[in-house]
Engineer: 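Handing you a structure now.
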2 protein chains.
Amino acid sequence: MAVTDEAITKIKDMLISGELSAGDRLPPEKELSEKLGLSRSSLREAVKALEIIKVLDVRRGDGTYVTSLEPKLLTEAMTFIVDLHQDESILEIFEVRRILEPAAAAIAAGRITTEEIAGLRATMENIDDSTSVEQLVDHDLVFHQLITSAANNAYLSSVLDGLSSGTVRARIWRGLTQEKAVDRTLSEHGAIIEALERGDAELAKALLTVHISGVEHWLRQAL
Amino acid sequence: MAVTDEAITKIKDMLISGELSAGDRLPPEKELSEKLGLSRSSLREAVKALEIIKVLDVRRGDGTYVTSLEPKLLTEAMTFIVDLHQDESILEIFEVRRILEPAAAAIAAGRITTEEIAGLRATMENIDDSTSVEQLVDHDLVFHQLITSAANNAYLSSVLDGLSSGTVRARIWRGLTQEKAVDRTLSEHGAIIEALERGDAELAKALLTVHISGVEHWLRQAL
DNA sequence: GTCAGTCTAATGGTCGGATGTTTATTTGCT
DNA sequence: AGCAAATAAACATCCGACCATTAGACTGAC
C-alpha cells in the first residue's frame, strides 16, 4: 500500500479509536508527517482526500480540524458522485427515493411539530406557476428536506439529500414549467402538508408515493 | 478557491461535459498540470481526492484512468464514512435499512432468477451455530447483497451495502453467537429464501422487516 | 483598564525539481 | 515466432523554498 493510503488509514484509525475526536485539531502538517513517517507532500494528499469527503476541515493559517463527523457529511460525498452520472440512471435513483421518502413522511407524520408545519407552509408562499425556475427549485429542495428532517433520522436525511442533487432538480422543474405542470406539483405539495398536519401517516406516505411516481413518470417519457 | 479545489472541479466538469468518459485515460500528471495551470504537487492532491471516492483509478507506471463510474462506487465512499461513526448511530442506520431492505426484497421477489435463488441457497451450506464468526459474517454479507442485487437497482444496492459495513456486522454476529441466537437468525434467512422463490413479495417484505427489526431490537438492548 | 490597531509567529498553500519504483513497450537475439 | 533484456513512460515520494492567511500577542492611545 502506498504511504499516502497508509496515512489515510492511520488517520481514520485514530478517529475510530478515539485518539482523535470531533472538533479536535490535528498536529501541524510537518509534525504529523514526521509522526506518521512520510513527507509533507504525501501527507497533504491524504489530508486533501479526507477533506473532500468532509472528514477533515482545513483552515489555512490556523490548522486542520476533525469535522463534526455528523451523518450529514454523507450528503456531500454522495452528491459529488451522483452528480457524475445523472443521465442514464436518474430513474434508478428515483426508485430509491420512492422507497425512502414515503417512509420518511410516514415517520414524520407521527412526530412533526407545529413549527415544522409552519416551515413547510412558508415554502409555499409567493410561489405559483409564474415563479422562476430557480425559485421553484429552491422551494422544492427545502420542502423535501423539511419533510425528511422531520423524520428525525440524520442518515435518512443525508442519503435522501445526496440522492436528489440540485442539478437534477433544476432539469426537472425546467421541464415541469414547460409542460405547465407546476400547478399540479404545487398542489400535491399542499396536500402533503395537510396530511402531515393531521398526523395521517398512511395518507402522507401514499401522497408522497404518488408525488414522486408522478415526477418519475414524467421523467421516463422525457428521456 | 484553492487551486487544488479548482482542479477537482475542472476534472469533474470534464466528466460531466463528456470530455472525459468512463475508462478514458487522463493526460500524464505533468501535462495535465500544465493544462490546468497548477503544479504537479497540487494536481496530485486533487487526483488523490478523486481516487478516494473512486472516480479516478491511478495505476502506477501506467497512467490515470476514469473509473466505470458505476453507482457501485457509492458503496465504498459511504462505507468509509459510516465506519467512522458506528457507535452512537447504528440504530439510525438500521432504521434506514429497515425501510430499504424489505422494499428491495419485494422488488426482488418479482424478478429473481433460479440462478440467484441457487446462489442464496449456497450461502446457507456448511453454516450452522458452530460456524466461526468470520464465516457467519461472510454468509450474512453475501446473503443480503444477493437479495439487494436481485432488485436490479444499482443505487439501491450501493446505498444498502454502504450502510452495512463489515465492522458493524462482525460486532453483531459476535453478539448473536454469544446469545445462541444464530439458529433463529439462520432460519429467518431460510424463510426469506423460500418466500422469494415463491415470488411472494408481501411475505418477503414482511419477513425482512421482522428480520431486521429483530437484530435492531437486540442491538438496542445491547447498547 | 480597555479598546483598537499593529505586529508576529504559526500554519496551511503552492511550487519546482530531483530521485525512486513500477509497468508497458520496444528491441534484439535465438 | 517467441522469449528476454533494455528502454521509456508514468506514477510515487521526498525535499526545500517561498507565499498567503490567520490567530493571538503586543502596543499604544484614550
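Letters go in sequence order (proteins before strands), and every chain restarts at 1.
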Engineer: Does dC11(D) have OP1 or OP2 sitting under 4.0 Å from an N or O in the side chain of Arg44(B)?
Structural biologist: no
Engineer: Does the base of dC15(C) carry an N or O that pairs as donor and acceptor with the side chain of Ser42(B) under 3.5 Å?
Structural biologist: no
Engineer: Less than 4.0 angstrom from a charged side-chain N to a carboxylate O is my criterion; do Glu31(A) and Lys35(A) meet it?
Structural biologist: no
Engineer: Regarding dG13(C), can its base be found pairing with the side chain of Arg40(A) as donor and acceptor, where the two atoms are less than 3.5 Å apart?
Structural biologist: yes
Engineer: I need the residues from residues 26-38 of chain B with at least one non-hydrogen atom less than 4.0 Å from DNA chain C; give them sorted by number, or say none.
Structural biologist: Leu38(B)
Engineer: Should Thr4(B) be listed as having a side-chain N or O under 4.0 Å from OP1 or OP2 of dT14(C)?
Structural biologist: yes
Engineer: How many angstroms lie between CG in Asp161(B) and NE2 in His144(B), if you round to the nearest 0.5 Å?
Structural biologist: 11.0 Å
Engineer: Is any NZ, NE, NH1 or NH2 atom of the basic residue among Glu125(A) and Arg121(A) found under 4.0 Å from an Asp or Glu carboxylate oxygen of the other?
Structural biologist: no
Engineer: Start at the 5' end of DNA chain D and walk down; is the nucleotide closest to Val58(B) or to Ser41(B) reached first?
Structural biologist: Val58(B)
Engineer: Would you find a donor on one side and an acceptor on the other, under 3.5 Å apart, between the side chain of Thr148(A) and the backbone of Ser157(A)?
Structural biologist: no
Engineer: Distance check needed: dA10(D) C1' versus Leu56(B) CG, whole Å only.
Structural biologist: 15 Å
Engineer: Should Arg25(A) be listed as having a side-chain N or O under 4.0 Å from OP1 or OP2 of dT11(C)?
Structural biologist: yes
Engineer: State whether Arg59(A) and Asp57(A) are salt-bridged, where the test is any N-O pair (Lys NZ or Arg NE/NH1/NH2 against Asp/Glu carboxylate O) under 4.0 Å.
Structural biologist: yes
Engineer: More 5' along DNA chain D: Gly61(A) or Arg59(B), using each one's nearest nucleotide?
Structural biologist: Arg59(B)
Engineer: Quick one: the side chain of Thr64(A) and the base of dG12(C), do they pair up donor-acceptor inside 3.5 Å?
Structural biologist: no
Engineer: Rounded to the nearest angstrom, tell me the gap between atom CG in Leu43(A) and atom C1' in dT11(C).
Structural biologist: 13 Å
Engineer: Which of these nucleotides, dC11(D), dC14(D), dA20(D), is closest to any side-chain atom of Arg60(A)?
Structural biologist: dA20(D)
Engineer: Can you tell me if Thr4(B) uses its side chain to pair, donor with acceptor, with the backbone of Glu45(B) under 3.5 Å?
Structural biologist: no
